[in-house]
Amino acid sequence: MHLPNPAPIDAAAVLAWYDTHARDLPWRVSPADRARGMAPDPYRIWLSEVMLQQTTVAAVKAYFLRFTSLWPTVFDLAAAPLDAVLKEWAGLGYYARARNLHACAQAVVNQHGGKFPTTSTSLQTLPGIGAYTSAAIAAICFDEPVAVLDGNLDRVLARYYALPVPVRDAKEELRAALQASVPGRAGDFAQAMMDLGATICAPRTAICMLCPIQPGCVGTKAADPALYPLKAAKAERPVRKGHAFVMTDPAGDVYLQTRPDKGLLAKMTEVPTSDWAVDLPAVAYPVQGDWHHRGQVIHIFTHFRLELEIWSAAVAPTGLDKGWWAEPKALKGEALPTLFRKVLAAAGLE
DNA sequence: AAAGCGGGGGT
DNA sequence: ACCCCAGCTTT
């Protein structure tokens with residue numbers, strides 16, 4: 001074991017800090033309102049938590065406000081077409097989240113009468129809700145005394161315990177240590193610890209002087225807390241290359257199509273491309289036309305770097321049947337991931 | 001247990 | 001250039 005006898009976090013100190021330093025977030029019930037008995041809306045907490053998976057608060061805010069404006073309740077979201085949800089999600093990334101979000105809304109409506117389950121165990125059976133999100137919803141909405149452990153908390157706890165191994169190799173120990181620290185105000189505690197990780201114990205800077213749990217922090221005693229968490233070996237990012245084809249018809253409309261149901265950017269909108277390969281494939285234009293090279297687009301995915309050669313041409317609107325022709329001014333409303341917005345921009349559209 | 005899956009902002 | 005973020009699902 002790496003933590004033979006981990007001291008619990010001083011939850012009272014964390015909560016006292018939170019009472020005066022809680023961030024003001026669109027989906028949050030403030031600690032003062034919570035103390036008055038105001039309870040968070042599980043729909044809004046769920047929506048925010050799904051959006052926040054691997055995504056920063058700053059990026060989420062506008063999407064959250066847009067979604068709750070369009071679909072104020074889980075019934076509204078469940079009744080929306082998946083296409084509309086994907087369009088609104090475009091640009092936020094990890095598009096499986098949007099498909100699971102829609103499926104989850106429908107499950108809540110059709111199988112739970114429109115009410116979210118109230119325990120972490122039952123929440124975890126829903127699409128797109130895993131260990132973290134189920135715990136977060138149960139704690140924040142229903143004060144279930146459960147450990148809410150995310151990447152943010154991994155870092156805080158690795159520092160607090162001066163964890164001598166990468167977090168990956170001690171995940172359950174950290175969870176047990178956090179679980180042993182959860183107080184009655186479980187929801188506020190969960191949110192407080194995340195605020196602590198975001199504002200005090202941040203990835204590169206730890207403002208230990210302001211930290212409510214600095215007295216018990218082994219990382220500050222033993223060494224520089226910023227040394228933690230220890231990093232596992234890094235994997236190199238491979239490169240893939242391909243061609244992208246932007247076609248306009250005599251009316252100036254752009255040819256778009258829908259990506260396959262599974263895999264990368266599933267069901268999102270794209271322009272035709274070649275395969276993406278280690279060696280740049282030979283150019284094979286989709287149809288005849290006066291093709292021009294419009295430069296290169298580089299896009300970084302988590303697991304590879306993509307380099308696309310951009311080609312554009314004015315073509316006759318025949319011989320293409322999979323997709324549709326879209327007016328350039330309507331591109332903003334399409335379910336285009338950032339990659340293909342870059343492609344269209346390189347071709348002089350958008 | 002490992003791999004696949006986006007995008008953006010901070011440093 | 002690199003890091004990392006309120007992770008989940010599939011294999």
Side-chain angles (χ1 to χ4, degrees), chain A residues 22-23 25-28 40 44-64 86 89-101 103-104 123-141 146-156 158 166-169 171-172 175 178 187 189-199 201-205 226 228-229 231-238 240 259-268 270 298-306 335-342:
Chain A
R23 286 179 292 175
L25 302 171
W27 48 86
R28 176 172 286 178
R44 291 167 60 86
I45 296 300
W46 161 71
L47 177 60
S48 71
E49 290 298 346
V50 172
M51 288 182 167
L52 287 162
Q53 291 166 4
Q54 300 296 101
T55 308
T56 57
V57 167
V60 163
K61 279 184 180 170
Y63 283 85
F64 177 83
L86 289 177
W89 198 274
L92 201 53
Y94 283 141
Y95 298 97
R97 293 187 294 174
R99 301 191 297 276
N100 285 331
L101 186 84
C104 182
L123 283 162
Q124 203 165 343
T125 66
L126 291 165
I129 300 185
Y132 164 75
T133 305
S134 60
I137 297 170
I140 295 171
C141 298
V146 61
V148 181
L149 184 58
D150 65 347
N152 217 5
L153 268 288
D154 286 344
R155 177 184 62 257
V156 174
V167 168
R168 183 198 57 197
D169 300 328
K171 197 82 176 176
E172 287 314 308
R175 182 180 306 284
L178 182 61
F189 179 71
Q191 295 174 95
M193 290 300 290
M194 292 187 276
D195 282 15
L196 190 64
T199 64
C201 199
R204 284 176 182 74
T205 57
Y228 302 93
K231 279 172 272 193
K234 56 170 164 49
E236 82 297 350
R237 198 193 317 265
R240 292 190 205 169
R259 290 179 59 80
D261 290 350
K262 295 192 170 190
L264 184 71
L265 305 173
K267 296 185 184 177
M268 300 298 287
E270 67 172 1
I298 294 174
H299 190 75
I300 309 296
F301 292 97
T302 305
H303 47 304
F304 66 96
R305 167 192 173 96
L306 179 62
L336 284 161
T338 297
L339 165 63
F340 290 104
R341 294 198 183 274
K342 288 187 196 173

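Protein chains get the first letters and strands the later ones, always in sequence-line order, with residue 1 at the start of each.
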Please collect all salt bridge (Lys or Arg N to Asp or Glu O under 4.0 Å) contacts where either partner lies in residues 189-198 of chain A, sequence neighbours excluded, each pair once. A/Arg23-A/Asp195, A/Arg28-A/Asp195
Interatomic distance at C1', C/dA6 relative to B/dA3, whole Å: 23 Å
Considering residues at least two apart in sequence or located in another chain, which fulfil the side-chain hydrogen bond (donor to acceptor under 3.5 Å, both in side chains) criterion with A/Arg305? A/Glu307
C/dA6 phosphate, OP1 or OP2, under 4.0 Å from A/Asn152 side-chain N/O: yes
Starting from C1' on B/dA2, measure out to CG on A/Asp169 and report it in whole angstrom. 13 Å
Under 3.5 Å donor-acceptor, A/Asn152 side chain and A/Met194 backbone: yes
From CG of A/Leu52 across to P of C/dC5 the rounded distance in Å is 13 Å
Separation of C/dG7 P from A/Tyr132 OH (nearest whole Å): 6 Å
What protein N or O atoms touch nucleotides 9-11 of chain C N or O atoms at under 3.5 angstrom, if any, and at what distances?
| from | atom 1 | to | atom 2 | distance (Å) |
| --- | --- | --- | --- | --- |
| C/dT9 | OP1 | A/Gly128 | N | 2.5 |

Kindly state each residue pair satisfying side chain to side chain donor-acceptor pair (under 3.5 Å) with at least one member in residues 52-61 of chain A, sequence neighbours excluded. A/Gln53-A/Thr133, A/Thr55-A/Arg97
Along nucleotides 4-11 of chain B, 5' to 3', which nucleotides get a B, which get an S, and which get a -, given that the test is a protein heavy-atom distance under 4.0 Å? SBBBS-BS
Would you kindly give the CG-to-P distance between A/Leu153 and C/dG7, to the nearest whole Å? 10 Å
For A/Leu306, which contact category applies under a 4.0 Å heavy-atom criterion: base, sugar-phosphate, or nothing? nothing
Examine distances only and state if a side-chain atom of A/Arg237 and a backbone atom of A/Ile300 form a donor-acceptor pair shorter than 3.5 Å. no
Sorted by chain and number, sequence neighbours left out, side-chain hydrogen bond (donor to acceptor under 3.5 Å, both in side chains) with A/Arg99 holds for none
With rounding to whole Å, what would you report as the distance between B/dG6 and C/dT11 at their P atoms? 15 Å
Just call it for A/Arg28: base, sugar-phosphate, or nothing, with non-hydrogen atoms closer than 4.0 Å on any strand. base
Who passes side chain to side chain contact (heavy atoms under 4.5 Å, CB included) against A/Pro203, sequence neighbours left out? A/Arg155
A/Gln191 CD to C/dA6 C1': how many Å, rounded? 10 Å
Any N or O donor-acceptor pair under 3.5 Å from the base of B/dA2 to the side chain of A/Arg168? no
Does the ring centre of A/Tyr63 sit less than 6.0 Å away from the ring centre of A/Trp89? no
Over all strands shown, is A/Trp89 touching base, sugar-phosphate only, or nothing at heavy-atom distances under 4.0 angstrom? nothing
Spacing of A/Arg305 atom CZ relative to C/dC2 atom C1', expressed in whole Å: 13 Å
Sequence neighbours excluded, which residues qualify as salt bridge (Lys or Arg N to Asp or Glu O under 4.0 Å) partners of A/Arg44? none
Just jot down the side-chain hydrogen bond (donor to acceptor under 3.5 Å, both in side chains) partners of A/Tyr95, sequence neighbours excluded, or say none. none
Between atom CD1 in A/Ile140 and atom P in C/dA6, what is the gap in whole Å? 13 Å
Under 4.0 Å, counting only non-hydrogen atoms across every strand here, what does A/Thr133 touch: a base, just sugar-phosphate, or nothing? sugar-phosphate
Report the residues that fulfil side-chain hydrogen bond (donor to acceptor under 3.5 Å, both in side chains) with A/Lys342, sequence neighbours left out, ordered by chain and then residue number. A/His299
If the condition is side chain to side chain contact (heavy atoms under 4.5 Å, CB included), which residues does A/Arg259 pass it with, not counting sequence neighbours? A/Leu264, A/Leu265, A/Glu270, A/Trp276, A/Phe340
Could you write out DNA chain B as a dot-bracket string, with dots for unpaired bases, | for bases paired across to another strand, and Watson-Crick or G-U pairs counted at under 3.5 Å? |||||.|||||
